[in-house]
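Chain letters run A, B, ... following the sequence lines, proteins first, then strands; residues in each count from 1.
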Number of protein chains: 2
Amino acid sequence: MTTRGGRDRRTRKRLLDAATRLFAERGLKYVTVRAICRAARANVAAVNYHFGDKMGLYREVLEDAASVVTKMTAEAIAAGEGLPAEERFRAYVRINCQHIFRAGPKNRLQQLMHRELQEPTEMLDTIIERVWKPRFEYLGGIVGELLGLPPDDDRVGRALLSVHAQIVMFKPSPVQLRMGRNVERIVDPADVAEHIIAFSLAGFEAYRAAAAVPAAAGRL
Amino acid sequence: MTTRGGRDRRTRKRLLDAATRLFAERGLKYVTVRAICRAARANVAAVNYHFGDKMGLYREVLEDAASVVTKMTAEAIAAGEGLPAEERFRAYVRINCQHIFRAGPKNRLQQLMHRELQEPTEMLDTIIERVWKPRFEYLGGIVGELLGLPPDDDRVGRALLSVHAQIVMFKPSPVQLRMGRNVERIVDPADVAEHIIAFSLAGFEAYRAAAAVPAAAGRL
DNA sequence: TTCTGATTCAAACAACTGTTTAATTCGTCT
DNA sequence: AGACGAATTAAACAGTTGTTTGAATCAGAA
């Protein structure tokens, strides 16, 4: 029983690895079962044998990715434990940027989570519940504190999206690649994290200042 | 010659309209020729007859969209003519948000331009040259002035992307739809524009302040 | 009207997709 | 060795895709 996985689990693992890489790079629709099996050096029927169908493989890839990424988020939260809100914000952005921008398999898992938002599949609900909601709730608490507003305030919601938008955007993509700027320098991981931190903290401060002078609040 | 367009140009126009809508909603790969022809009440062979092939139709849709959107950008630039940098920035963001968030056909054309960045086709180069480069150059001039830095400075590049990221993000998408917040209020067009303006201007100001105190510049 | 060229149509085409099948190979236990 | 179940394989399957074909239809000129 336990040892039946001599040959078995090995091609299964190869399929999962190849599928993770390809799905992250091109998305569910653009990756064919044949391409996965070619990359995993397996027969075309291997996907159906081990995972039922293509969607079953995708489901398992995404669930594995969600587990790893969720653990990563927990680390990012733990890194700010006991610190004041501003430092918790810095820690969160820094760790997130590291995992998204650095090369390697961790990067791919993050990419899968982002892709599900841009190009949703039937797994969207699962990913939102397990990955995105916890993140946004945590970050919402921090931003609310920094803005001096309750976490469910609309202004907190918008500020949250502003932060999220920046983290996503700086992932090198076709946009930046041909803008005539030196992309390698602009999107340097460390610089980007510090940029987002400084830019966002200033934005929070602007809200704080506006809230302190109610007469100007309408302008915001 | 001139009047041969009785029946001819009409189905051609219907195909272009249907294709524009569908491509904007689902993207090139997810829209079938048959779906376009069904929506345009035309025969399956109509696309190949009028545009050569599917890609020819997509090319024409995107080129038409680029023309309209480019004109729109010119209007946004003209709206800030002669005004100081901060007011030019406000005008640019406001007009952009209007066109992206408001319902209607204008919205779809913008969406096509954004989609080409997320899911590039062979038309990417054309769209970057005709739509994105002019926009980023104009906005780069404004942001450079507001930051007190030359337009080609890396920090200007990052600030540019921060603004762009926010404008893109607030377009309602699956992310926001299930975050447990009241999305209709958070992404209200007018509020979003003012939020992005306030948030970004504060970010610019932070850079300005940091530049004025060189000792702290390394932190940013 | 008759002719001509452009347009439309139903049908079929070839290539690709995910999936299934039935035979074969492999590892493991008796 | 022999037997059994799990895993792999080549081949085929059914459905969808973009595209082509050749006949039918239409509008306008001679």
Side-chain angles (χ1 to χ4, degrees), chain A residues 1-63 112 115 119-123, chain B residues 1-63 112 115 119-123:
Chain A
M1 279 192 201
T2 59
T3 41
R4 71 150 168 233
R7 196 191 196 100
D8 176 11
R9 296 289 171 187
R10 243 191 281 171
T11 56
R12 205 188 130 91
K13 184 65 164 50
R14 284 208 312 279
L15 284 170
L16 276 171
D17 290 342
T20 301
R21 182 173 59 82
L22 291 171
F23 284 146
E25 284 172 0
R26 309 182 203 168
L28 175 63
K29 177 98 172 184
Y30 288 87
V31 176
T32 67
V33 172
R34 282 172 172 80
I36 297 171
C37 293
R38 208 180 310 127
R41 302 189 313 279
N43 187 270
V44 217
V47 164
N48 300 84
Y49 177 77
H50 286 284
F51 304 95
D53 54 12
K54 182 185 182 183
M55 206 54 205
L57 170 57
Y58 184 74
R59 219 177 295 127
E60 190 151 335
V61 166
L62 237 64
E63 262 158 17
L112 276 167
R115 195 176 276 286
E119 218 176 327
T121 71
E122 62 176 53
M123 290 293 288
Chain B
M1 275 201 200
T2 59
T3 40
R4 71 152 170 229
R7 197 191 197 102
D8 174 11
R9 297 288 171 187
R10 244 190 280 169
T11 55
R12 205 188 131 91
K13 185 63 164 49
R14 283 207 315 278
L15 284 170
L16 276 171
D17 290 343
T20 301
R21 182 172 59 82
L22 291 172
F23 284 145
E25 284 172 0
R26 309 182 203 168
L28 175 62
K29 177 95 172 185
Y30 289 86
V31 176
T32 67
V33 171
R34 281 173 172 80
I36 296 171
C37 293
R38 209 180 310 127
R41 304 189 312 281
N43 188 271
V44 217
V47 164
N48 300 84
Y49 178 78
H50 286 283
F51 304 95
D53 55 12
K54 182 187 183 182
M55 205 56 206
L57 171 56
Y58 183 75
R59 218 177 296 128
E60 189 150 336
V61 165
L62 236 64
E63 261 159 18
L112 276 168
R115 196 177 275 285
E119 218 176 328
T121 71
E122 62 174 54
M123 288 295 287

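Atom OH in Y49(B) sits about 14 Å away from atom C1' in dG22(D), given to the nearest Å. Rounded to whole Å, the distance from CZ on R14(B) to C1' on dT8(C) is 11 Å. Counting to the nearest Å, the C1' atom of dA23(C) and the CG atom of N43(A) are 13 Å from each other. If you take CG of D53(A) and P of dG18(C), they are 11 Å apart, rounded to a whole angstrom. dT20(D) atom P lies 15 Å from atom NZ of K54(B), rounded to whole Å. Rounded to whole Å, the distance from CG on N48(B) to C1' on dA14(C) is 14 Å. The distance from atom CZ of R12(A) to atom P of dT8(D) is 11 Å, rounded to the nearest whole Å.
Applying the side chain to side chain contact (heavy atoms under 4.5 Å, CB included) rule to A45(B) yields the partners N43(B); only residues at least two apart in sequence or on another chain are considered. D17(B) pairs by the side chain to side chain donor-acceptor pair (under 3.5 Å) definition with K13(B), not counting sequence neighbours. Scanning for side chain to side chain donor-acceptor pair (under 3.5 Å) contacts around T32(B) gives an empty result, with sequence neighbours left out. Considering only residues two or more places apart in sequence or on other chains, R14(A) meets the salt bridge (Lys or Arg N to Asp or Glu O under 4.0 Å) condition with none of them. Residues meeting the ring pair (Phe, Tyr, Trp, His ring centres under 6.0 Å) test with F51(B), sequence neighbours left out: none.
The backbone N or O of A24(A) lies less than 3.5 Å from a partner atom in the side chain of R115(A), making a donor-acceptor pair.
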(message) Dot-bracket, 5' to 3', for DNA chain D please: Watson-Crick or G-U pairs under 3.5 Å, [ ] where pairs cross earlier ones, | where the partner sits on another strand, dots elsewhere.
(response) ||||||||||||||||||||||||||||||
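Put simply, the side chain of Y30(B) reaches to within 4.5 Å of the side chain of E119(A), judged on heavy atoms. Residues L62(A) and F23(A) have side chains not in contact (no heavy-atom distance under 4.5 Å, counting atoms from C-beta outward). Using a 4.5 Å heavy-atom cutoff, the side chains of L28(B) and M55(B) are in contact.
Distances shorter than 4.0 Å separate none of the side-chain N or O atoms of H50(B) from OP1 or OP2 on dA6(C).
In the region residues 19-27 of chain A, proximity to DNA chain D at under 4.0 angstrom, judged on heavy atoms, holds for none of the residues. Within residues 28-41 of chain A, the residues approaching DNA chain C are V31(A), T32(A), V33(A), R34(A), by heavy-atom distance under 4.0 Å. Listed by residue number, the members of residues 56-63 of chain B with any heavy atom below 4.0 angstrom from DNA chain C form an empty set.
When every heavy atom of R21(A) is checked against every heavy atom of A39(A), the shortest pair comes out as NH2-CB, 3.9 Å.
Residue A45(A) is classed as a base contact, given a heavy-atom separation below 4.0 Å to a base.
One finds the NZ atom of K29(B) at 12.5 Å from the OG1 atom of T121(B) (value rounded to the nearest 0.5 Å). Within the model, atoms CD1 of I36(B) and CG of L16(B) stand 10.0 Å from one another, a figure rounded to the nearest 0.5 Å. Rounded to the nearest 0.5 angstrom, Y49(B) OH and T11(B) OG1 are separated by 9.0 Å.
Counting only residues at least two apart or on different chains, the salt bridge (Lys or Arg N to Asp or Glu O under 4.0 Å) pairs with a member in residues 38-63 of chain A are R12(A)-E60(A), R59(A)-E122(A).
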